[in-house]
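To keep things clear, I will list the structure first and then write my remarks on it.
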Amino acid sequence: MQQAKLYNFLVNPKGEVCMVFKPSSPYSSNPKNPEIIYDGKDHALLYRDNDNLILIDYIPVDFHDTLFNIDKVLIVEYDIFENKISHEYFANVVKVKKMPKLNDNFVSRDCIDKELKSLGLL
């Protein structure tokens, strides 16, 4: 799991949301079925694909409702080494009642789905 340490949420006048973040190293692969898991509080999980999980830590309090009440976010990955956008894609926002506990073995999308369903949170 990677942590999005440098990110920013932007909202245009239509209410569309974009998240720009700078991975510590650029991804070589394209995202596949990206999703953001979010409970409306301080943290969210971005599944770029089944094997790449990004923790979006400390979402600003005044942005919680905005993120929780939308269906998708435009994700822009910025390559700090090349000084350009490396990937741009939409991620669906999956709303949950409570974020799952994470540990080193709990990173695949399938594991998260099983955990959320078993807890009745999805």
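We use all heavy atoms of the structure for the numbers below, so side chains are in, but hydrogens, waters and symmetry mates are not.
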| said: Quick check: do I36 and I75 have side-chain heavy atoms less than 4.5 Å from each other? | reply: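 In contact.
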
| Would a 4.5 Å heavy-atom cut-off, applied to side chains only, mark F21 and E77 as touching? |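 F21 vs E77: side chains touch.
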
With rounding to the nearest 0.5 Å, note down the distance linking [atom1] in [X] to [atom2] in [Y].
| X | Y | atom1 | atom2 | result |
| --- | --- | --- | --- | --- |
| N92 | Y47 | CG | OH | 15.0 Å |
| D79 | K84 | CG | NZ | 7.0 Å |
| Q2 | N52 | CD | CG | 8.0 Å |
| M19 | L67 | CE | CG | 9.5 Å |

| message | I'd like to check the side-chain hydrogen bond (donor to acceptor under 3.5 Å, both in side chains) partners of Y78; sequence neighbours left out, ordered by chain and number. | response |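 side-chain hydrogen bond (donor to acceptor under 3.5 Å, both in side chains) list for Y78, sorted by chain: N83.
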
Looking at every heavy atom in both [X] and [Y], which two are closest together, and how far apart are they?
| X | Y | value |
| --- | --- | --- |
| R48 | S29 | NH2-O, 2.6 Å |
| V96 | M99 | CG2-SD, 4.1 Å |
| S28 | H87 | O-NE2, 4.4 Å |
| F90 | P34 | O-CG, 3.1 Å |
| N30 | D49 | O-OD2, 4.5 Å |
| C18 | V76 | SG-CG2, 3.7 Å |

Hey, any chance [X] and [Y] share a hydrophobic cluster, counting ILVMFWY side chains that come within less than 4.5 Å of each other, even indirectly?
| X | Y | answer |
| --- | --- | --- |
| F68 | I37 | no |
| Y27 | Y7 | yes |
| I70 | Y89 | yes |
| V73 | L10 | no |
| L6 | I80 | no |

Under 3.5 Å, which donor-acceptor pairs do the side chains of residues 53-66 form with other protein atoms, sequence neighbours left out?
residue	atom	partner	partner atom	Å
D57	OD1	H43	ND1	2.5
D57	OD2	Q3	NE2	2.6
H64	ND1	G40	O	3.4
H64	NE2	K41	O	3.0
H64	NE2	D42	OD1	3.3
H64	NE2	I59	O	3.0

| Which residue pairs pass the side-chain hydrogen bond (donor to acceptor under 3.5 Å, both in side chains) test with at least one member in residues 13-23, sequence neighbours excluded? |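 Counting only pairs at least two positions apart or across chains, the side-chain hydrogen bond (donor to acceptor under 3.5 Å, both in side chains) contacts touching residues 13-23 are N12-E16.
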
